[in-house]
*Asks:* 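I have a structure I would like to understand better, so I am pasting it below and will then ask my questions one at a time.
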Amino acid sequence: MGKHYWLMKSEPDTFSLQDLKERPQQREPWDGVRNYQARNFMRDGMSVGDGILFYHSNTKPPGIVGLAEVVSEAYPDPTAFDKKSKYYDEKSDPSNPRWFLVDVAYRKGFKHQVSLEAMKGMSELAEMKVLQKGNRLSITPVSESEYKAICAAGL
DNA sequence: GCCAACGTTGGC
DNA sequence: GCCAACGTTGGC
């Protein structure tokens with residue numbers, strides 16, 4: 001299977017690209033996703049080596065701040081089984097897990113953040129999922145041409 | 001802080 | 001299976 005590209009949102013107050021950069025081995029399980037579509041992208045769509053656009057949401061300005069990479073196959077999200085976790089889900093049965101995640105690793109910080117506003121002005125991104133009205137998904141697929149256009153603007 | 005858009009829940 | 005109520009997301 002060829003390499004795919006994804007946009008993954010995170011609120012920087014919760015977990016920023018800088019936080020990922022400072023993690024041991026600069027990698028982290030992408031836990032806490034509790035949306036079925038986003039889960040399906042991780043569980044069924046992602047492969048090791050896929051490229052990730054790291055997006056900061058709920059901040060000023062929102063936008064893509066750098067690059068990460070998928071570094072594991074999908075596996076059950078352990079926080080769903082942890083009663084002390086804020087992501088605990090009593091309906092996720094360890095013998096039939098409901099929630100999955102992948103590990104992601106830091107790759108690069110952009111020289112220039114590519115803001116949401118700038119993205120809206122880029123004709124190459126007219127079809128991009130994250131720009132469609134009403135889209136709240138925290139994980140969306142990105143085409144190779146979209147990925148390259150954003151890298152060209154940010155690196 | 002507001003609120004549009006969307007997903008989930010649960011009564012029926 | 002329908003759909004109203006509710007909760008969340010996330011830009012502004």
Side-chain angles (χ1 to χ4, degrees), chain A residues 4-23 28-46 50-70 74-104 106-143 145-155:
Chain A
H4 291 93
Y5 300 92
W6 309 92
L7 180 146
M8 298 176 81
K9 293 181 186 173
S10 187
E11 301 192 14
D13 287 350
T14 304
F15 187 73
S16 69
L17 183 63
Q18 188 64 29
D19 293 332
L20 179 60
K21 186 178 182 180
E22 291 169 2
R23 280 291 192 272
E28 182 78 356
W30 201 262
D31 58 20
V33 169
R34 297 293 179 266
N35 171 282
Y36 290 105
Q37 272 183 274
R39 176 206 68 182
N40 292 347
F41 286 136
M42 287 197 286
R43 189 189 59 184
D44 309 330
M46 288 188 182
D50 282 1
I52 298 167
L53 299 170
F54 200 106
Y55 180 96
H56 280 176
S57 64
N58 251 312
T59 187
K60 289 180 185 176
I64 293 165
V65 294
L67 304 177
E69 188 174 313
V70 177
Y75 60 95
D77 182 344
T79 64
F81 312 129
D82 177 3
K83 285 189 178 170
K84 292 193 283 287
S85 169
K86 64 174 176 172
Y87 301 122
Y88 175 66
D89 180 358
E90 62 176 8
K91 294 176 195 153
S92 186
D93 175 355
S95 67
N96 183 21
R98 176 179 290 206
W99 304 114
F100 288 75
L101 51 70
V102 296
D103 292 348
V104 307
Y106 176 83
R107 282 297 170 263
K108 196 167 287 191
F110 278 173
K111 280 199 186 67
H112 314 283
Q113 174 173 348
V114 182
S115 69
L116 180 61
E117 186 183 13
M119 290 165 65
K120 287 175 178 171
M122 293 168 63
S123 59
E124 306 96 309
L125 306 183
E127 305 294 316
M128 196 169 178
K129 291 276 197 309
V130 77
L131 299 181
Q132 305 309 309
K133 183 180 164 84
N135 192 320
R136 300 179 311 163
L137 262 188
S138 63
I139 299 174
T140 47
V142 174
S143 75
S145 60
E146 289 163 350
Y147 181 85
K148 286 184 173 168
I150 286 167
C151 287
L155 288 172

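Convention: sequence-line order gives letters A, B, ...; per-chain numbering from 1. All values below were derived from every heavy atom in this structure, side-chain atoms included, with hydrogens, water molecules and symmetry-related copies excluded.
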*Asks:* Provide, to the nearest angstrom, the distance between the CG atom belonging to Leu137(A) and the P atom belonging to dG11(C).
*Replies:* 13 Å
*Asks:* Using atom CZ of Arg34(A) as one end and atom C1' of dG7(C) as the other, report the distance to the nearest whole Å.
*Replies:* 16 Å
*Asks:* Expressed in angstrom and rounded to an integer, what is the separation of Asp13(A) atom CG from dG11(C) atom P?
*Replies:* 13 Å
*Asks:* How many Å lie between CD1 on Ile139(A) and P on dG10(C), as a whole number?
*Replies:* 11 Å
*Asks:* So, Asp103(A) and Tyr75(A): side-chain donor and acceptor under 3.5 Å apart, yes or no?
*Replies:* yes
*Asks:* Report yes or no: does Gln18(A) contribute a side-chain atom to a donor-acceptor pair with the main-chain N or O of Pro12(A) at less than 3.5 Å?
*Replies:* no
*Asks:* Give the rounded distance in Å between these two atoms: CD of Glu117(A) and C1' of dG10(C).
*Replies:* 16 Å
*Asks:* To the nearest 0.5 angstrom, please state how far the CD atom of Glu69(A) sits from the OH atom of Tyr5(A).
*Replies:* 10.0 Å
*Asks:* Measure CH2/Trp99(A) against C1'/dG7(B) and give the value in whole Å, please.
*Replies:* 10 Å
*Asks:* Rounded to the Å, how far apart are Asn58(A) CG and dT8(C) P?
*Replies:* 14 Å
*Asks:* Taking the side chain of Lys120(A) as heavy atoms from C-beta outward, which of dG7(B), dC12(C), dG10(C) is closest to it?
*Replies:* dC12(C)
*Asks:* Phosphate oxygens OP1/OP2 of dT9(C): is one of them under 4.0 Å from a side-chain N or O of Lys9(A)?
*Replies:* no
*Asks:* Answer with yes or no whether the side chains of Asp82(A) and Thr79(A) bring together a donor and an acceptor at under 3.5 Å.
*Replies:* no
*Asks:* Please enumerate all protein N or O atoms sitting under 3.5 Å from an N or O of nucleotides 4-6 of chain B, with distances to 0.1 Å.
*Replies:*
from   : atom 1 : to        : atom 2 : distance (Å)
dA5(B) : OP1    : Lys133(A) : NZ     : 2.8
dA5(B) : N3     : Arg136(A) : NH1    : 3.4
dC6(B) : O2     : Arg136(A) : NH1    : 3.1
dC6(B) : O2     : Arg136(A) : NH2    : 2.6

*Asks:* Using a 4.0 Å heavy-atom cut-off, does Lys60(A) contact any base of the nucleic acid, only the sugar-phosphate backbone, or nothing at all?
*Replies:* nothing
*Asks:* Counting only heavy atoms not in Glu127(A), do more than 12 fall under 6.0 Å of its CD?
*Replies:* no
*Asks:* Measure up the Trp30(A) and Phe54(A) rings against each other and bin them: parallel (under 30°), tilted (30 to 60°), perpendicular (over 60°).
*Replies:* perpendicular
*Asks:* Determine, for Arg34(A) against Asp77(A), whether the closest basic-nitrogen to carboxylate-oxygen distance falls under 4.0 angstrom.
*Replies:* yes
*Asks:* Nearest whole Å is fine: how far is dG10(C) P from Gln132(A) CD?
*Replies:* 16 Å
